[in-house]
A.B. asks: 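Okay, here's the structure, questions in a sec.
Along the sequence shown, residues carry numbers from 1. Remember, predicted model here, so these are calculated numbers, not experimental data.
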Amino acid sequence: MSASTTATKPLSTALILLMATATGLAVASNYYAQPLLHTIAQELGLSMSSAGNVVITAQLSYGAGLLLLVPLGDLFEQRRLIVTMTVLSALGLLLSAFAPSVTWLLVGTAITGLFSVSAQVLVPMAASLTDPLSRGRVVGTLMSGLLLGILLARTVAGALSSAGDWRTIYLVAAALMLVSAISLFCALPNHHQSAGLSYPKLLGSVFTLFVEEPILRLRALLGLLAFSLFALFWTPLAFLLAVPPYSYSDAVVGLFGLAGVVGAVAANWAGRMADRGKGQQATTVGLLVLLASWLPMAFAGHSLIALLIGVLALDFAVQLVHVSNQNAVFKVRPAARNRLNAGYITCYFIGGALGSLAGAQTYPVYGWDGIVVVGSVVATLALAVWGYSLQRESKIQTAG
């Protein structure tokens, strides 16, 4: 039996924006290294694939946190849980800032990734505290914050690396996370939604939800495939832009994150479409654009315009699919939103780890053309999975 207690403090516009900002800062912690991989590799004497392990470690530890820590939102008081995770993530950033070797950098990255899942406790918390008629908009706002965090992380990291060195961003990020923790502690309402389960049973129920809920299985698979493409593109991008014909600095490489800000618009739009009952249409549009984005990507090795078009399309599509997925999953079982989100986002970031791994291994051998081929194949697979699910649903409705 579940029990829920919530403070009477309303979820104001200012509080929603604070939660969106905190979500963005938390997730950004896993992406500061991406535009700096070339510089980190040079300073620490690493190969391209070894430097890529920093990104892979961030994704895998984030996935572990999603599976092991996010379900605690259905057990413990959520404000305290979120603040504690945020502080621990800041400590991981500090460790990365002072890492004397790649081993310590990976340890700091793992700690940060594990506890930055506070973002994924904030999202279902916001959904639970919001009126159903505006839930999609609120979730979309937080996901816009998450995307902006991911994208601006690259821009800010590149700028601070050029102004100081690659460690500077980790110091600044740690300070921002501590400020975020204090702000959340002061502003968030108490919210305790207990599933009435022991921790082992709570974790086990995440897998039970996968067995019992076909919507969760479908949306988790689509999320995995979509985010794998996001990571497949961004992981080797720093290496592409650091050599001729581009030969860009860390600061310029980081600026490419700004091109993907359009994805934040997609996240908000997807939330509003979900509120109007058009989540399936948003998913279809997102998957079609996701596939189409790899056409200009094919020319990105020597065309800046093609690269920018590809970035805009890819980020727009990934966020459209992601927010549509989350809104569909949150409707399944309101009392189990943290566990549903844990299951979905775990698969989502496993996709990110697989995409980062594929990018780190493909680019050194096959170059940018290899990235485009892999991306096109995965995007086609995602569209085929969605098409099959729609066809199957139509047959069931017809038979009924």
Side-chain angles (χ1 to χ4, degrees), residues 3-30 62 65-66 69-94 112 114-153 156 171-194 264 267-268 271-272 275 323 326-327 330 334-335 337-338 341-342 345:
S4 179
T5 59
T6 306
T8 57
K9 188 175 181 179
L11 197 63
S12 63
T13 299
L15 182 53
I16 293 170
L17 292 176
L18 172 61
M19 295 172 79
T21 301
T23 299
L25 285 174
V27 178
S29 302
N30 298 307
Y62 194 84
L66 290 167
L69 300 181
V70 171
L72 294 176
D74 285 337
L75 192 60
F76 297 125
E77 198 279 310
Q78 292 178 5
R79 183 185 68 161
R80 188 176 303 164
L81 180 64
I82 289 165
V83 170
T84 301
M85 287 181 176
T86 303
V87 171
L88 291 172
S89 184
L91 294 178
L93 288 166
L94 284 175
T112 299
L114 185 67
F115 292 105
S116 62
V117 295
S118 57
Q120 301 306 332
V121 181
L122 275 164
V123 174
M125 181 182 183
S128 296
L129 296 174
T130 304
D131 183 274
L133 295 178
S134 58
R135 181 172 295 135
R137 177 183 59 82
V138 172
V139 171
T141 299
L142 263 68
M143 296 314 299
S144 294
L146 183 147
L147 176 63
L148 287 172
I150 293 174
L151 297 173
L152 294 178
V156 175
L171 290 170
V172 173
L176 290 174
M177 288 292 280
L178 291 174
V179 171
S180 177
I182 295 170
S183 300
L184 291 171
F185 179 78
C186 295
L188 284 179
N190 290 317
H191 183 61
H192 188 195
Q193 181 172 292
S194 176
N268 198 271
R272 294 179 185 276
D275 287 339
V323 176
Q326 281 200 304
N327 277 292
F330 285 157
R337 283 201 177 105
N338 281 284
N341 195 46
I345 298 289

A.B. asks: Looking at R79 and L184, would you say the former's side chain and the latter's main chain have a donor-acceptor pair under 3.5 Å?
C.D. replies: no
A.B. asks: Could you go through residues 175-183 and list every donor-acceptor pair under 3.5 Å that involves a side-chain atom there, pairing it with any protein atom two or more places apart or in another chain?
C.D. replies:
residue, atom, partner, partner atom, Å
S183, OG, V179, O, 2.9

A.B. asks: First locate atom CG of L188, then atom CD of Q78, and finally report the distance between them rounded to the nearest 0.5 Å.
C.D. replies: 9.5 Å
A.B. asks: Give me the atom names and distance for the closest heavy-atom approach of I345 to Y62.
C.D. replies: CG2-CE2, 4.3 Å
A.B. asks: How long is the straight-line distance from CG of L129 back to CD1 of I16, given to the nearest 0.5 Å?
C.D. replies: 9.5 Å
A.B. asks: Rounded to the nearest 0.5 Å, how far does CG of L25 lie from CG of L146?
C.D. replies: 11.0 Å
A.B. asks: Between R337 (side chain) and F330 (backbone), is there a donor-acceptor pair under 3.5 Å?
C.D. replies: yes
A.B. asks: How long is the span from the CG atom in L17 to the OG1 atom in T141, to the nearest 0.5 Å?
C.D. replies: 7.5 Å
A.B. asks: Measure across H191 and S128 and return the closest heavy-atom pair with its distance rounded to 0.1 Å.
C.D. replies: NE2-CB, 3.8 Å
A.B. asks: Quick check: closest heavy atoms across A127 and V139, and the distance to 0.1 Å?
C.D. replies: CB-CG2, 4.1 Å
A.B. asks: N341: which residues meet the side chain to side chain donor-acceptor pair (under 3.5 Å) condition with it, sequence neighbours left out?
C.D. replies: Q120, Q326
A.B. asks: Looking at every heavy atom in both P189 and L15, which two are closest together, and how far apart are they?
C.D. replies: CD-CD2, 3.9 Å
A.B. asks: Just list the side-chain donor-acceptor pairs under 3.5 Å for residues 80-88, sequence neighbours left out, or say none.
C.D. replies:
residue, atom, partner, partner atom, Å
T84, OG1, R80, O, 2.9
T86, OG1, I82, O, 2.8

A.B. asks: Locate the shortest heavy-atom distance separating A174 from L93; write the atom from each residue and the value.
C.D. replies: N-CD1, 3.7 Å
A.B. asks: About how many Å separate CE of M19 and CG of L122, when rounded to the nearest 0.5 Å?
C.D. replies: 5.0 Å
A.B. asks: Quick check for you: to the nearest 0.5 Å, what is the distance between S89 atom OG and N30 atom CG?
C.D. replies: 7.0 Å
A.B. asks: Kindly give the heavy-atom pair with the smallest separation between V121 and G73, and that separation in Å.
C.D. replies: CG1-CA, 4.5 Å
